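All remarks here apply to the structure that follows.
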Amino acid sequence: MTSKTGVGPVERDQWIFGLHSVQAVLKTTADKVRMLKVLKGREDHRLQKVLNLAELNGIPVTRVSRAELDTLTENEGRHQGVAALCESGKVQDEHFLVGLLEQLSVPPFLLVLDGVTDPHNLGACLRSADAAGVQAVIVPKDNSVGLTPTVQKVASGAAETVPLVVVTNLARTLKQLQDRGLWVVGTAGEAEQLVYEVDLKGPLVMVMGAEEKGLRRLTREHCDSLVKLPMAGAVSSLNVSVAAGICLFEAVRQRH
């Protein structure tokens, strides 16, 4: 049985599409790929890389019409002539987060996304988190997007390498992280300090809000400090995935 949604731990399979996304999944978690469907008549170097990886991992490939691929992906985005049926992305819970923190041999570095419902934003944040060395991305159970095919496509493999932790009560989770010695830094346009002016080297939770609404009140109240990005132009805020990338890599700069 297949699914196009990814909220909560699920057992159903789902289609991931796009050359880069399918190639990334084949490189990182080929054991989760059931089969590929490839556009009839397409023969080029980029597709051949995907086909070589499928053959290397013993994954069956079926040639299909463009109409069939269009039907599989519906309105999720361009399939670029290839789709992979994969085990649905698995999200984690609070118990996983506790175990992760206990196992770490380096200072924790976590990203919290409060109220991010756009799959493109979540996918881009996962990709930035993976590149920055974030050990987990945390989202609230309500008012948040799950691991949809679009998220996995935009994440380009990061959805398989960075755990997505879904928590029931985000404010409570932040308090528990503080009790474990993590410093919770939230982003807000009205903050007095720039992100470049605070110490981000220790055990860190970076908290980002949705672009339109920012951090919710309870989330904001559970932050140890608030920071902002300098905005020199006419726009008042950045897309959350862009802002997250800037803040995460400022932390990376300091930590190195």
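Just the heavy atoms: all of them, side chains too, but no hydrogens, waters or symmetry mates, feed the values below. Positions are given from 1, in the same order as the sequence printed here. If you're wondering where the values come from, they're calculated on a predicted model, not measured in any experiment.
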For [X] against [Y], the heavy-atom pair lying closest together:
X    : Y    : answer
V195 : C247 : CG2-SG, 4.1 Å
L69  : A83  : CD2-CB, 4.0 Å
K141 : T168 : CB-CA, 4.3 Å
P230 : Y196 : CD-CE1, 3.7 Å
C125 : S241 : SG-CA, 3.6 Å
V198 : Q193 : CG1-OE1, 3.3 Å

Distance, nearest 0.5 Å, that separates [atom1] of [X] from [atom2] of [Y]:
X    : Y    : atom1 : atom2 : answer
L204 : W183 : CG    : CH2   : 10.5 Å
W15  : L36  : CH2   : CG    : 8.0 Å
N121 : N239 : CG    : CG    : 4.5 Å
D114 : R220 : CG    : CZ    : 10.0 Å
L164 : D93  : CG    : CG    : 11.5 Å
K40  : T62  : NZ    : OG1   : 10.5 Å

In chain order, what residues pass the salt bridge (charged side-chain N to carboxylate O under 4.0 Å, His left out) check against D31, with sequence neighbours excluded?
-> none

Can you confirm whether [X] sits close enough to [Y] that some side-chain heavy atom of one is under 4.5 Å from a side-chain heavy atom of the other?
X    : Y    : answer
V145 : L113 : no
L248 : F109 : yes
V33  : V25  : yes
P140 : R216 : yes
K49  : L53  : no
L111 : M208 : yes
H79  : L39  : no
R172 : E94  : yes

Please indicate whether E197 has more than 12 foreign heavy atoms, meaning atoms of other residues, nucleotides or ligands, lying under 6.0 Å from its CD.
-> yes

CD (Q254) with more than 12 external heavy atoms under 6.0 Å | yes

In the hydrophobic cluster built from side-chain contacts under 4.5 Å, what are the other members alongside V205?
-> F96, L97, L100, L101, L104, L110, V112, I138, V165, V167, L170, L174, L177, L182, V184, V207, L215, L226

Listed partners of [X] passing side-chain hydrogen bond (donor to acceptor under 3.5 Å, both in side chains), at least two apart:
X    : result
R63  : E43
Q80  : none
R255 : none
Q176 : none

Charged N to carboxylate O below 4.0 Å: is that the case for K201 and D199?
-> yes

Are L85 and L19 connected in a single hydrophobic cluster, I mean Ile/Leu/Val/Met/Phe/Trp/Tyr linked by side-chain heavy atoms less than 4.5 Å apart?
-> no

Given the rule in the side chain to side chain contact (heavy atoms under 4.5 Å, CB included) test, do L194 and K228 qualify, once you have shown the distances and angles that lead to the verdict?
-> CA-CA 5 Å; L194 297 177; K228 65 180 179 181; 3.9 Å; yes

Given the rule in the side chain to side chain contact (heavy atoms under 4.5 Å, CB included) test, do V106 and Q135 qualify, once you have shown the distances and angles that lead to the verdict?
-> CA-CA 10 Å; V106 295; Q135 293 117 0; 3.5 Å; yes

Check the pair I246 / L238 against side chain to side chain contact (heavy atoms under 4.5 Å, CB included), numbers first and verdict last.
-> CA-CA 10 Å; I246 295 170; L238 295 174; 3.8 Å; yes

Verify side chain to side chain contact (heavy atoms under 4.5 Å, CB included) between Q23 and V82, making sure each step is shown before the conclusion.
-> CA-CA 10 Å; Q23 184 174 345; V82 61; over 6 Å; no

Donor-acceptor contact present, side-chain E68 to main-chain S65, <3.5 Å | no

